[in-house]
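Presented below is the structure to which this report refers.
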Amino acid sequence: MVHDQIVLRTFRCIAVLAVSTLALIVPLWTVDIKGQQASTPPPPPSTIGPPTRADLLRGQYGRYRANNDLLFYHLDVRVDPDKKSIAGKNTIRFRMLADDTRIQLDLAANLNIDKVMLGATPLKYERDLDTVYVDFPSTLRSGREYTIDFHYSGLPQEQGRFGGMAFRTDGAGHPWITTACEDEGARVWWPNKDQWRDEVERMQISIAVPSDLMDISNGRFMGKTDLGDGYTRWDWLVQYPINNYSVSVNIARYEHFADKLDDLPLDFYVLPQNLEKAKRQFAQAKPMLEAFRSYFGEYPFEKDGFKLIEVPYSGMEHQSAVTYGNGFVNGYLDRDWTGIGISLKFDFIIVHESGHEWFGNAVSAADVSDMWIHEGWTTYLESLYVEKMFGHDEAIRYVNSYKPKVQNREPIITQRGIHRQPQQDMYFKGTLFLNTLRSVVNDDTAWWALVRDVYQQFKYRNIMTEDVVRFFNSRTARDWTPIFDQYLRRSAIPTLQLAFNEPGSMAYRWKTDERAFAMPVRIGRPGNWTIVEPTTDWKVMPTSLGKETMDVATDLYYINVEKS
Ligand SMILES: [Zn+2]
(Lines give C-alpha, C1' and ligand atoms only; values in the text may rest on other atoms or scores of the structure.)
Protein backbone atom coordinates (compact mmCIF):
# COMPACT_ATOMS: atom_id res chain seq x y z
CA MET A 1 0.00 0.00 0.00
CA VAL A 2 1.10 3.53 -0.54
CA HIS A 3 1.33 5.85 2.45
CA ASP A 4 -0.95 8.82 3.02
CA GLN A 5 0.23 11.95 1.33
CA ILE A 6 2.27 14.06 3.66
CA VAL A 7 3.09 17.72 3.35
CA LEU A 8 6.58 17.89 1.93
CA ARG A 9 9.14 19.57 4.09
CA THR A 10 12.39 20.92 2.82
CA PHE A 11 15.15 18.40 2.95
CA ARG A 12 18.04 19.88 4.78
CA CYS A 13 21.41 18.76 3.59
CA ILE A 14 23.85 18.05 6.32
CA ALA A 15 26.72 20.39 5.72
CA VAL A 16 29.98 18.59 5.49
CA LEU A 17 32.76 20.54 7.13
CA ALA A 18 35.69 20.88 4.80
CA VAL A 19 38.43 20.49 7.31
CA SER A 20 41.32 18.36 6.18
CA THR A 21 42.61 17.38 9.58
CA LEU A 22 42.94 13.65 9.74
CA ALA A 23 42.74 11.96 13.04
CA LEU A 24 44.04 8.73 14.40
CA ILE A 25 41.16 7.29 16.36
CA VAL A 26 41.63 4.18 18.43
CA PRO A 27 39.33 3.15 21.26
CA LEU A 28 41.36 3.46 24.42
CA TRP A 29 39.43 2.08 27.35
CA THR A 30 35.95 1.57 28.68
CA VAL A 31 34.92 3.46 31.78
CA ASP A 32 33.57 0.94 34.24
CA ILE A 33 31.07 2.58 36.55
CA LYS A 34 29.68 0.33 39.24
CA GLY A 35 26.11 0.41 40.34
CA GLN A 36 24.52 1.39 37.04
CA GLN A 37 21.11 -0.01 36.25
CA ALA A 38 21.58 -3.41 34.68
CA SER A 39 18.10 -4.50 33.69
CA THR A 40 16.24 -3.52 30.57
CA PRO A 41 13.29 -1.32 31.43
CA PRO A 42 10.06 -2.35 29.73
CA PRO A 43 8.88 -0.28 26.77
CA PRO A 44 6.72 2.70 27.73
CA PRO A 45 2.96 2.25 27.56
CA SER A 46 1.51 3.01 24.15
CA THR A 47 -0.62 6.08 23.65
CA ILE A 48 -2.89 4.01 21.42
CA GLY A 49 -6.50 4.23 22.55
CA PRO A 50 -8.55 1.25 23.69
CA PRO A 51 -9.61 -1.32 21.11
CA THR A 52 -13.23 -1.44 20.10
CA ARG A 53 -15.20 -4.65 20.09
CA ALA A 54 -14.79 -4.67 16.30
CA ASP A 55 -10.99 -4.31 16.68
CA LEU A 56 -10.92 -7.34 18.95
CA LEU A 57 -13.12 -9.45 16.71
CA ARG A 58 -10.91 -8.54 13.78
CA GLY A 59 -7.54 -8.71 15.49
CA GLN A 60 -7.66 -11.70 17.78
CA TYR A 61 -6.58 -15.10 16.51
CA GLY A 62 -8.85 -16.98 18.87
CA ARG A 63 -10.01 -20.55 19.19
CA TYR A 64 -12.38 -20.53 16.21
CA ARG A 65 -9.73 -19.18 13.86
CA ALA A 66 -6.84 -21.19 15.27
CA ASN A 67 -8.77 -24.47 15.03
CA ASN A 68 -8.50 -24.55 11.23
CA ASP A 69 -6.06 -23.97 8.37
CA LEU A 70 -7.27 -22.47 5.07
CA LEU A 71 -6.60 -24.56 1.96
CA PHE A 72 -8.66 -23.19 -0.94
CA TYR A 73 -11.20 -20.50 -1.78
CA HIS A 74 -13.35 -20.40 -4.88
CA LEU A 75 -14.96 -16.98 -4.97
CA ASP A 76 -17.72 -17.17 -7.58
CA VAL A 77 -19.81 -14.00 -7.82
CA ARG A 78 -21.82 -11.81 -10.15
CA VAL A 79 -21.30 -8.05 -10.09
CA ASP A 80 -24.18 -5.85 -11.30
CA PRO A 81 -22.94 -2.34 -12.19
CA ASP A 82 -26.45 -0.85 -12.39
CA LYS A 83 -27.60 -2.10 -9.00
CA LYS A 84 -24.08 -1.71 -7.56
CA SER A 85 -24.57 -5.16 -6.11
CA ILE A 86 -22.65 -8.39 -5.66
CA ALA A 87 -24.09 -11.89 -5.24
CA GLY A 88 -22.71 -15.40 -5.25
CA LYS A 89 -20.68 -17.65 -3.03
CA ASN A 90 -17.27 -18.41 -1.63
CA THR A 91 -16.45 -22.09 -1.41
CA ILE A 92 -14.05 -22.50 1.51
CA ARG A 93 -11.93 -25.62 2.01
CA PHE A 94 -10.04 -25.94 5.27
CA ARG A 95 -8.28 -28.52 7.41
CA MET A 96 -9.22 -28.78 11.05
CA LEU A 97 -6.30 -28.47 13.48
CA ALA A 98 -8.40 -29.43 16.51
CA ASP A 99 -11.74 -31.15 17.10
CA ASP A 100 -14.44 -28.49 17.20
CA THR A 101 -17.98 -27.60 16.12
CA ARG A 102 -17.54 -23.90 15.22
CA ILE A 103 -15.29 -21.73 13.02
CA GLN A 104 -14.99 -17.95 12.74
CA LEU A 105 -15.41 -16.24 9.37
CA ASP A 106 -16.09 -12.61 8.46
CA LEU A 107 -18.51 -10.67 6.27
CA ALA A 108 -19.46 -7.01 6.57
CA ALA A 109 -22.65 -6.64 8.58
CA ASN A 110 -24.37 -4.73 5.75
CA LEU A 111 -24.13 -7.73 3.38
CA ASN A 112 -26.69 -10.54 3.49
CA ILE A 113 -25.88 -14.15 4.25
CA ASP A 114 -28.16 -16.18 1.99
CA LYS A 115 -27.10 -19.59 3.28
CA VAL A 116 -24.06 -21.53 4.45
CA MET A 117 -23.95 -25.13 3.27
CA LEU A 118 -21.91 -28.22 4.16
CA GLY A 119 -22.74 -30.30 1.09
CA ALA A 120 -26.55 -30.48 1.16
CA THR A 121 -26.76 -29.54 4.84
CA PRO A 122 -27.60 -25.93 5.73
CA LEU A 123 -25.45 -24.72 8.60
CA LYS A 124 -26.46 -22.46 11.45
CA TYR A 125 -24.47 -19.30 11.99
CA GLU A 126 -24.31 -16.39 14.38
CA ARG A 127 -23.36 -12.84 13.37
CA ASP A 128 -21.53 -10.44 15.66
CA LEU A 129 -20.73 -7.16 13.90
CA ASP A 130 -18.63 -8.26 10.89
CA THR A 131 -17.88 -11.68 12.36
CA VAL A 132 -19.78 -14.80 11.35
CA TYR A 133 -19.52 -17.89 13.56
CA VAL A 134 -20.46 -20.97 11.56
CA ASP A 135 -21.73 -23.93 13.60
CA PHE A 136 -21.63 -27.57 12.53
CA PRO A 137 -24.15 -30.22 13.57
CA SER A 138 -21.42 -32.66 14.56
CA THR A 139 -17.79 -32.34 15.60
CA LEU A 140 -15.29 -31.60 12.85
CA ARG A 141 -12.26 -33.80 13.36
CA SER A 142 -8.68 -32.60 13.62
CA GLY A 143 -6.67 -33.43 10.50
CA ARG A 144 -9.71 -33.79 8.23
CA GLU A 145 -10.59 -31.46 5.37
CA TYR A 146 -14.03 -29.87 5.02
CA THR A 147 -15.64 -27.68 2.37
CA ILE A 148 -18.48 -25.21 2.90
CA ASP A 149 -20.32 -22.93 0.47
CA PHE A 150 -20.95 -19.45 1.86
CA HIS A 151 -23.69 -17.76 -0.19
CA TYR A 152 -24.11 -14.00 0.15
CA SER A 153 -25.40 -10.90 -1.60
CA GLY A 154 -25.83 -7.18 -1.14
CA LEU A 155 -24.62 -3.67 -1.84
CA PRO A 156 -20.98 -3.21 -0.79
CA GLN A 157 -20.39 0.21 0.76
CA GLU A 158 -17.67 2.35 -0.76
CA GLN A 159 -15.30 3.31 2.05
CA GLY A 160 -11.73 4.15 3.03
CA ARG A 161 -8.85 5.70 1.13
CA PHE A 162 -9.04 3.43 -1.91
CA GLY A 163 -12.74 2.66 -1.92
CA GLY A 164 -13.11 -0.80 -0.37
CA MET A 165 -15.35 -1.83 -3.25
CA ALA A 166 -16.11 1.17 -5.44
CA PHE A 167 -18.61 1.45 -8.29
CA ARG A 168 -17.32 4.28 -10.47
CA THR A 169 -17.45 5.16 -14.15
CA ASP A 170 -14.60 5.83 -16.56
CA GLY A 171 -14.26 9.04 -18.60
CA ALA A 172 -16.63 7.67 -21.23
CA GLY A 173 -19.35 6.88 -18.71
CA HIS A 174 -18.84 3.11 -18.67
CA PRO A 175 -18.70 1.17 -15.38
CA TRP A 176 -15.33 1.05 -13.63
CA ILE A 177 -15.53 -1.12 -10.54
CA THR A 178 -12.52 -1.81 -8.33
CA THR A 179 -11.66 -3.23 -4.94
CA ALA A 180 -8.86 -2.17 -2.57
CA CYS A 181 -9.49 -3.05 1.05
CA GLU A 182 -6.28 -3.58 3.01
CA ASP A 183 -7.36 -1.13 5.72
CA GLU A 184 -11.03 -2.12 5.74
CA GLY A 185 -10.62 -5.87 5.31
CA ALA A 186 -11.76 -8.13 2.48
CA ARG A 187 -14.99 -8.70 4.42
CA VAL A 188 -16.33 -5.46 2.93
CA TRP A 189 -17.07 -7.31 -0.31
CA TRP A 190 -16.67 -11.07 0.18
CA PRO A 191 -16.90 -13.66 2.98
CA ASN A 192 -13.59 -15.10 4.18
CA LYS A 193 -11.44 -15.79 7.24
CA ASP A 194 -10.41 -12.15 7.43
CA GLN A 195 -7.12 -12.03 9.33
CA TRP A 196 -3.44 -12.01 8.40
CA ARG A 197 -1.95 -15.15 9.98
CA ASP A 198 -3.56 -17.83 7.82
CA GLU A 199 -3.34 -17.30 4.07
CA VAL A 200 -5.29 -19.57 1.77
CA GLU A 201 -2.91 -21.80 -0.22
CA ARG A 202 -4.55 -21.30 -3.61
CA MET A 203 -7.67 -19.60 -4.92
CA GLN A 204 -10.00 -19.52 -7.89
CA ILE A 205 -11.71 -16.22 -8.69
CA SER A 206 -14.76 -16.31 -10.98
CA ILE A 207 -16.36 -12.93 -11.65
CA ALA A 208 -19.44 -12.57 -13.87
CA VAL A 209 -19.87 -9.11 -15.38
CA PRO A 210 -21.95 -7.64 -18.24
CA SER A 211 -20.42 -8.98 -21.42
CA ASP A 212 -19.18 -5.59 -22.64
CA LEU A 213 -16.89 -5.41 -19.58
CA MET A 214 -13.82 -7.33 -18.45
CA ASP A 215 -12.78 -8.48 -15.00
CA ILE A 216 -9.07 -8.56 -14.26
CA SER A 217 -8.22 -10.35 -11.01
CA ASN A 218 -5.20 -12.04 -9.42
CA GLY A 219 -3.51 -15.11 -10.81
CA ARG A 220 -3.44 -16.75 -14.19
CA PHE A 221 -6.29 -16.05 -16.63
CA MET A 222 -8.07 -19.37 -17.22
CA GLY A 223 -10.63 -18.21 -19.75
CA LYS A 224 -14.02 -16.56 -20.01
CA THR A 225 -17.46 -18.08 -20.47
CA ASP A 226 -20.49 -16.40 -22.03
CA LEU A 227 -23.31 -17.17 -19.60
CA GLY A 228 -25.96 -16.51 -22.25
CA ASP A 229 -27.83 -13.90 -20.21
CA GLY A 230 -25.79 -10.84 -21.11
CA TYR A 231 -23.09 -11.73 -18.60
CA THR A 232 -19.63 -13.25 -19.10
CA ARG A 233 -17.71 -15.02 -16.35
CA TRP A 234 -13.96 -14.37 -16.09
CA ASP A 235 -11.97 -17.15 -14.38
CA TRP A 236 -8.62 -16.60 -12.65
CA LEU A 237 -6.44 -19.09 -10.74
CA VAL A 238 -4.10 -17.97 -7.97
CA GLN A 239 -1.43 -20.64 -7.53
CA TYR A 240 0.30 -19.29 -4.43
CA PRO A 241 -0.75 -18.28 -0.90
CA ILE A 242 -2.50 -14.91 -0.96
CA ASN A 243 -3.57 -12.30 1.62
CA ASN A 244 -7.35 -11.78 1.69
CA TYR A 245 -7.00 -8.04 1.13
CA SER A 246 -4.86 -8.68 -1.94
CA VAL A 247 -7.73 -10.43 -3.73
CA SER A 248 -9.04 -7.92 -6.22
CA VAL A 249 -11.58 -7.37 -8.96
CA ASN A 250 -11.04 -4.69 -11.58
CA ILE A 251 -13.98 -4.33 -13.91
CA ALA A 252 -13.93 -1.96 -16.89
CA ARG A 253 -13.73 -1.73 -20.66
CA TYR A 254 -9.98 -2.22 -20.51
CA GLU A 255 -7.53 -2.32 -23.39
CA HIS A 256 -4.95 -5.08 -23.03
CA PHE A 257 -1.35 -5.24 -24.16
CA ALA A 258 1.28 -7.79 -23.26
CA ASP A 259 4.99 -8.37 -23.05
CA LYS A 260 7.37 -10.95 -21.61
CA LEU A 261 10.38 -10.90 -19.34
CA ASP A 262 12.09 -14.18 -20.16
CA ASP A 263 9.30 -16.68 -19.43
CA LEU A 264 7.32 -14.33 -17.20
CA PRO A 265 4.13 -13.04 -18.88
CA LEU A 266 3.57 -9.30 -18.39
CA ASP A 267 -0.01 -8.15 -18.98
CA PHE A 268 -1.23 -4.58 -18.87
CA TYR A 269 -4.83 -3.34 -18.70
CA VAL A 270 -5.70 0.33 -19.11
CA LEU A 271 -8.60 2.50 -20.24
CA PRO A 272 -8.61 2.98 -24.03
CA GLN A 273 -7.78 6.69 -23.89
CA ASN A 274 -4.59 5.94 -21.93
CA LEU A 275 -3.25 3.14 -24.12
CA GLU A 276 -0.37 5.07 -25.72
CA LYS A 277 0.66 6.76 -22.47
CA ALA A 278 0.58 3.38 -20.74
CA LYS A 279 2.75 1.72 -23.37
CA ARG A 280 5.40 4.37 -22.71
CA GLN A 281 5.08 4.44 -18.90
CA PHE A 282 4.77 0.70 -18.31
CA ALA A 283 8.07 0.15 -20.11
CA GLN A 284 9.42 0.73 -16.59
CA ALA A 285 8.00 -2.60 -15.44
CA LYS A 286 10.79 -4.69 -16.97
CA PRO A 287 13.80 -2.86 -15.48
CA MET A 288 11.93 -2.71 -12.16
CA LEU A 289 11.38 -6.49 -12.13
CA GLU A 290 14.95 -7.08 -13.26
CA ALA A 291 16.26 -4.85 -10.47
CA PHE A 292 14.31 -6.60 -7.73
CA ARG A 293 15.08 -10.10 -8.91
CA SER A 294 18.77 -9.22 -9.04
CA TYR A 295 18.62 -8.53 -5.31
CA PHE A 296 16.17 -11.17 -4.11
CA GLY A 297 15.75 -13.87 -6.72
CA GLU A 298 13.00 -14.75 -9.16
CA TYR A 299 9.71 -12.88 -9.24
CA PRO A 300 7.68 -14.72 -6.58
CA PHE A 301 4.54 -15.46 -8.62
CA GLU A 302 5.96 -16.76 -11.87
CA LYS A 303 3.07 -19.15 -12.63
CA ASP A 304 0.52 -16.35 -12.11
CA GLY A 305 2.40 -13.77 -14.21
CA PHE A 306 2.73 -10.05 -13.53
CA LYS A 307 0.01 -7.50 -14.31
CA LEU A 308 -0.44 -3.76 -14.06
CA ILE A 309 -4.08 -2.64 -14.07
CA GLU A 310 -5.32 0.95 -14.24
CA VAL A 311 -7.58 2.02 -11.35
CA PRO A 312 -9.09 5.32 -10.15
CA TYR A 313 -7.04 5.44 -6.90
CA SER A 314 -3.25 5.81 -6.49
CA GLY A 315 -2.30 2.12 -6.38
CA MET A 316 -2.17 -1.12 -4.43
CA GLU A 317 0.02 -4.21 -4.35
CA HIS A 318 -2.68 -6.73 -5.31
CA GLN A 319 -0.70 -9.94 -5.74
CA SER A 320 0.31 -10.59 -9.38
CA ALA A 321 -2.28 -7.93 -10.32
CA VAL A 322 -0.73 -4.66 -9.14
CA THR A 323 -3.20 -1.80 -9.51
CA TYR A 324 -2.01 1.54 -10.80
CA GLY A 325 -3.45 5.06 -10.65
CA ASN A 326 -0.45 7.36 -10.88
CA GLY A 327 -1.49 9.14 -14.07
CA PHE A 328 1.25 7.62 -16.28
CA VAL A 329 3.83 10.13 -15.07
CA ASN A 330 6.93 9.82 -12.93
CA GLY A 331 7.07 10.76 -9.27
CA TYR A 332 4.14 10.18 -6.96
CA LEU A 333 0.85 11.75 -8.04
CA ASP A 334 2.72 14.06 -10.41
CA ARG A 335 5.20 15.50 -8.00
CA ASP A 336 8.71 15.09 -6.68
CA TRP A 337 7.75 12.99 -3.71
CA THR A 338 11.12 13.10 -1.94
CA GLY A 339 12.01 16.64 -2.94
CA ILE A 340 15.52 15.87 -4.19
CA GLY A 341 14.91 15.26 -7.88
CA ILE A 342 15.39 11.49 -7.86
CA SER A 343 11.67 10.73 -7.52
CA LEU A 344 10.99 12.29 -10.92
CA LYS A 345 13.26 9.73 -12.59
CA PHE A 346 10.79 6.85 -12.10
CA ASP A 347 7.14 6.01 -11.51
CA PHE A 348 6.78 5.69 -7.76
CA ILE A 349 3.65 3.52 -7.91
CA ILE A 350 5.12 1.00 -10.37
CA VAL A 351 8.22 0.61 -8.21
CA HIS A 352 6.66 0.70 -4.73
CA GLU A 353 3.56 -1.42 -5.32
CA SER A 354 5.45 -3.98 -7.38
CA GLY A 355 8.19 -4.13 -4.74
CA HIS A 356 5.49 -5.50 -2.44
CA GLU A 357 5.42 -8.67 -4.53
CA TRP A 358 8.61 -9.58 -2.65
CA PHE A 359 7.77 -8.01 0.75
CA GLY A 360 4.09 -7.95 1.63
CA ASN A 361 2.85 -10.59 -0.79
CA ALA A 362 5.58 -13.26 -0.80
CA VAL A 363 6.94 -12.43 2.68
CA SER A 364 3.92 -11.40 4.76
CA ALA A 365 3.41 -10.32 8.35
CA ALA A 366 1.22 -12.53 10.53
CA ASP A 367 -0.34 -9.56 12.35
CA VAL A 368 -0.92 -6.00 11.19
CA SER A 369 1.17 -4.88 14.22
CA ASP A 370 4.28 -5.97 12.27
CA MET A 371 3.30 -4.34 8.99
CA TRP A 372 6.74 -2.70 8.75
CA ILE A 373 7.74 -6.06 7.23
CA HIS A 374 5.60 -4.96 4.26
CA GLU A 375 6.08 -1.22 4.19
CA GLY A 376 9.53 -0.65 5.71
CA TRP A 377 11.06 -3.28 3.45
CA THR A 378 9.21 -2.14 0.34
CA THR A 379 10.19 1.49 0.92
CA TYR A 380 13.75 0.19 1.24
CA LEU A 381 13.24 -1.64 -2.06
CA GLU A 382 12.56 1.75 -3.65
CA SER A 383 16.09 2.77 -2.69
CA LEU A 384 17.47 -0.53 -4.00
CA TYR A 385 15.82 0.25 -7.32
CA VAL A 386 17.40 3.72 -7.23
CA GLU A 387 20.79 2.15 -6.44
CA LYS A 388 20.50 -0.29 -9.33
CA MET A 389 19.40 2.38 -11.82
CA PHE A 390 21.23 5.51 -10.65
CA GLY A 391 24.00 4.39 -8.31
CA HIS A 392 24.88 4.10 -4.65
CA ASP A 393 25.16 7.80 -3.85
CA GLU A 394 21.72 8.54 -5.26
CA ALA A 395 20.28 5.67 -3.22
CA ILE A 396 21.76 7.04 0.00
CA ARG A 397 20.39 10.50 -0.84
CA TYR A 398 17.02 8.90 -1.55
CA VAL A 399 16.86 7.06 1.78
CA ASN A 400 17.87 10.19 3.68
CA SER A 401 15.28 12.29 1.90
CA TYR A 402 12.70 10.36 3.93
CA LYS A 403 14.02 11.74 7.23
CA PRO A 404 11.72 14.80 7.37
CA LYS A 405 8.70 12.50 7.10
CA VAL A 406 9.58 10.52 10.25
CA GLN A 407 7.72 11.48 13.41
CA ASN A 408 9.21 9.22 16.13
CA ARG A 409 6.09 9.59 18.26
CA GLU A 410 5.02 5.95 18.54
CA PRO A 411 6.91 2.67 18.16
CA ILE A 412 6.67 1.17 14.69
CA ILE A 413 5.33 -2.12 16.04
CA THR A 414 1.88 -1.76 17.56
CA GLN A 415 0.05 -3.92 20.08
CA ARG A 416 -0.82 -7.32 18.69
CA GLY A 417 -4.26 -8.84 18.48
CA ILE A 418 -6.27 -5.61 18.23
CA HIS A 419 -5.76 -4.96 14.52
CA ARG A 420 -4.10 -1.60 15.09
CA GLN A 421 -2.28 -0.49 11.94
CA PRO A 422 1.11 1.10 12.67
CA GLN A 423 1.66 4.77 11.95
CA GLN A 424 3.50 6.05 8.89
CA ASP A 425 6.91 5.70 10.51
CA MET A 426 6.78 2.06 9.40
CA TYR A 427 7.53 3.30 5.87
CA PHE A 428 10.19 5.97 6.31
CA LYS A 429 11.79 5.07 9.63
CA GLY A 430 11.56 1.44 8.51
CA THR A 431 13.69 2.11 5.45
CA LEU A 432 16.15 4.34 7.36
CA PHE A 433 16.45 1.51 9.89
CA LEU A 434 17.29 -1.04 7.17
CA ASN A 435 19.83 1.35 5.67
CA THR A 436 21.35 1.61 9.16
CA LEU A 437 21.61 -2.18 9.37
CA ARG A 438 23.50 -2.20 6.07
CA SER A 439 26.03 0.20 7.59
CA VAL A 440 26.31 -1.94 10.71
CA VAL A 441 27.03 -5.02 8.60
CA ASN A 442 29.59 -2.83 6.79
CA ASP A 443 30.20 -5.34 4.02
CA ASP A 444 27.92 -4.98 1.02
CA THR A 445 28.57 -8.50 -0.23
CA ALA A 446 27.44 -9.84 3.13
CA TRP A 447 24.51 -7.38 3.25
CA TRP A 448 23.15 -8.34 -0.17
CA ALA A 449 23.45 -12.01 0.75
CA LEU A 450 21.67 -11.37 4.03
CA VAL A 451 18.68 -9.51 2.56
CA ARG A 452 18.36 -12.08 -0.22
CA ASP A 453 18.40 -14.87 2.35
CA VAL A 454 15.80 -13.09 4.51
CA TYR A 455 13.53 -13.09 1.48
CA GLN A 456 14.31 -16.67 0.46
CA GLN A 457 13.90 -17.93 4.03
CA PHE A 458 10.49 -16.35 4.57
CA LYS A 459 8.84 -16.21 1.13
CA TYR A 460 5.27 -17.61 1.05
CA ARG A 461 5.21 -17.41 4.86
CA ASN A 462 3.50 -15.19 7.43
CA ILE A 463 6.04 -14.08 9.99
CA MET A 464 6.60 -11.72 12.91
CA THR A 465 9.51 -9.40 13.65
CA GLU A 466 10.97 -12.00 16.03
CA ASP A 467 11.50 -14.32 13.06
CA VAL A 468 13.53 -11.65 11.25
CA VAL A 469 15.60 -10.88 14.36
CA ARG A 470 16.24 -14.58 14.99
CA PHE A 471 17.39 -14.97 11.41
CA PHE A 472 19.76 -11.98 11.66
CA ASN A 473 21.13 -13.34 14.96
CA SER A 474 21.69 -16.78 13.45
CA ARG A 475 23.53 -15.37 10.44
CA THR A 476 26.01 -13.07 12.15
CA ALA A 477 27.97 -12.92 15.38
CA ARG A 478 26.17 -9.78 16.52
CA ASP A 479 23.18 -9.69 18.89
CA TRP A 480 20.71 -7.68 16.82
CA THR A 481 17.86 -7.86 19.31
CA PRO A 482 18.50 -4.55 21.16
CA ILE A 483 19.00 -2.75 17.82
CA PHE A 484 15.71 -4.02 16.39
CA ASP A 485 14.00 -3.30 19.70
CA GLN A 486 15.24 0.29 19.87
CA TYR A 487 14.19 1.15 16.32
CA LEU A 488 10.95 -0.83 16.14
CA ARG A 489 9.62 -1.09 19.70
CA ARG A 490 10.64 2.35 21.01
CA SER A 491 9.67 5.78 19.77
CA ALA A 492 13.07 7.47 19.98
CA ILE A 493 16.05 6.75 17.76
CA PRO A 494 19.50 6.25 19.33
CA THR A 495 21.46 9.35 20.26
CA LEU A 496 25.24 9.22 19.99
CA GLN A 497 26.62 11.34 22.83
CA LEU A 498 30.08 12.78 22.23
CA ALA A 499 31.75 14.68 25.11
CA PHE A 500 34.87 16.78 24.62
CA ASN A 501 35.86 17.60 28.18
CA GLU A 502 39.59 16.92 28.03
CA PRO A 503 41.89 18.16 25.26
CA GLY A 504 43.00 15.28 23.00
CA SER A 505 40.25 12.87 23.98
CA MET A 506 36.57 12.28 23.61
CA ALA A 507 34.04 10.32 25.68
CA TYR A 508 31.20 8.64 23.82
CA ARG A 509 28.21 6.39 24.37
CA TRP A 510 24.70 5.63 23.11
CA LYS A 511 21.77 7.21 24.87
CA THR A 512 18.92 4.78 24.22
CA ASP A 513 15.96 3.17 25.92
CA GLU A 514 17.46 -0.29 25.38
CA ARG A 515 20.17 -0.78 28.02
CA ALA A 516 21.86 -3.54 26.01
CA PHE A 517 21.99 -1.40 22.85
CA ALA A 518 25.41 -1.63 21.17
CA MET A 519 25.99 -0.56 17.59
CA PRO A 520 29.10 0.39 15.64
CA VAL A 521 29.12 3.79 13.97
CA ARG A 522 31.44 5.71 11.67
CA ILE A 523 32.91 8.91 13.11
CA GLY A 524 35.84 11.21 12.31
CA ARG A 525 36.20 12.80 8.89
CA PRO A 526 34.13 12.02 5.77
CA GLY A 527 36.14 9.79 3.44
CA ASN A 528 38.32 8.67 6.33
CA TRP A 529 35.81 7.32 8.80
CA THR A 530 36.81 5.32 11.83
CA ILE A 531 34.42 2.73 13.19
CA VAL A 532 33.85 2.83 16.91
CA GLU A 533 31.68 0.45 18.93
CA PRO A 534 29.79 2.52 21.47
CA THR A 535 27.57 0.90 24.07
CA THR A 536 25.31 2.61 26.60
CA ASP A 537 28.35 2.92 28.91
CA TRP A 538 30.89 5.68 28.46
CA LYS A 539 34.07 4.89 26.60
CA VAL A 540 36.96 7.32 26.14
CA MET A 541 39.28 7.56 23.14
CA PRO A 542 42.11 9.85 22.09
CA THR A 543 41.42 12.13 19.17
CA SER A 544 42.91 15.19 17.57
CA LEU A 545 39.45 16.26 16.49
CA GLY A 546 37.31 18.56 18.55
CA LYS A 547 33.67 19.29 19.07
CA GLU A 548 33.44 21.28 15.84
CA THR A 549 35.52 18.99 13.63
CA MET A 550 34.36 15.54 14.76
CA ASP A 551 31.81 14.34 12.21
CA VAL A 552 29.45 11.37 12.24
CA ALA A 553 28.17 9.47 9.16
CA THR A 554 24.53 10.32 9.81
CA ASP A 555 23.57 9.54 6.21
CA LEU A 556 24.54 5.91 6.83
CA TYR A 557 23.01 5.54 10.31
CA TYR A 558 19.65 6.92 11.37
CA ILE A 559 20.73 8.44 14.68
CA ASN A 560 20.87 11.70 16.59
CA VAL A 561 24.22 13.18 17.58
CA GLU A 562 24.63 15.20 20.75
CA LYS A 563 27.96 16.97 21.33
CA SER A 564 29.01 18.58 24.61
ZN1 LIG B 1 3.31 -0.04 0.41
Side-chain angles (χ1 to χ4, degrees), residues 1-6 160-163 178-186 196 218 242-248 284-285 288-289 291-292 295-296 299-301 306-309 311 313-326 331-333 337-338 343 346-386 398-399 401-402 405-407 412-414 420-435 451 455 458-459 462-463 465 468 488:
M1 179 171 53
V2 68
H3 27 71
D4 283 313
Q5 296 176 53
I6 305 173
R161 281 173 63 205
F162 301 147
T178 56
T179 64
C181 53
E182 183 175 19
D183 288 354
E184 299 76 26
W196 282 32
N218 321 75
I242 185 169
N243 288 313
N244 299 314
Y245 65 75
S246 198
V247 175
S248 175
Q284 293 186 33
M288 173 275 297
L289 291 164
F292 290 146
Y295 290 106
F296 297 104
Y299 171 74
F301 309 107
F306 174 79
K307 297 180 272 304
L308 283 174
I309 306 158
V311 290
Y313 57 88
S314 58
M316 178 66 201
E317 67 261 30
H318 297 120
Q319 183 171 306
S320 81
V322 172
T323 50
Y324 174 90
N326 202 32
Y332 174 33
L333 299 175
W337 162 242
T338 50
S343 293
F346 64 94
D347 190 311
F348 175 82
I349 290 294
I350 292 177
V351 170
H352 179 91
E353 304 306 342
S354 304
H356 275 305
E357 296 279 41
W358 281 263
F359 285 90
N361 295 343
V363 179
S364 305
D367 190 297
V368 73
S369 58
D370 293 50
M371 192 173 165
W372 80 278
I373 292 170
H374 301 194
E375 301 299 351
W377 277 90
T378 298
T379 306
Y380 186 60
L381 262 63
E382 294 167 21
S383 77
L384 297 189
Y385 172 82
V386 170
Y398 186 83
V399 167
S401 71
Y402 275 137
K405 300 182 196 298
V406 179
Q407 297 175 324
I412 284 178
I413 297 176
T414 56
R420 197 55 55 90
Q421 186 168 303
Q423 298 186 348
Q424 289 195 151
D425 280 2
M426 67 175 161
Y427 291 86
F428 314 122
K429 188 176 178 179
T431 195
L432 286 156
F433 166 59
L434 290 168
N435 186 55
V451 296
Y455 167 74
F458 296 121
K459 67 181 177 182
N462 291 68
I463 60 165
T465 302
V468 182
L488 301 176

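The shown structure was predicted, so the numbers you read here are calculated from the model rather than taken from an experiment. Just so you know, these numbers use all the heavy atoms, side chains as well, and skip hydrogens, waters and symmetry mates. All ligand and atom numbering here is 1-based and tracks the order in the structure.
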Would you say Tyr402 and Glu382 are linked by a side-chain donor-acceptor pair, where the criterion is simply a distance under 3.5 Å? yes
Donor + acceptor pair across side chains of Thr338, Tyr332 (<3.5 Å): no
How is the N/O/S atom of His352 that comes nearest to the Zn ion (ligand 1) named? NE2
Residues 368-381 vs salt bridge (Lys or Arg N to Asp or Glu O under 4.0 Å), sequence neighbours excluded, gives Asp370-Arg416
N/O/S from Glu375 sitting under 2.8 Å away from the Zn ion (ligand 1): yes
Strictly under 2.8 Å, is the Zn ion (ligand 1) approached by any N, O or S atom of His374? no
Could you work out, with side chain to side chain donor-acceptor pair (under 3.5 Å) as the rule, every residue matching Asp347, not counting sequence neighbours? Gln281, Tyr324, Asn326
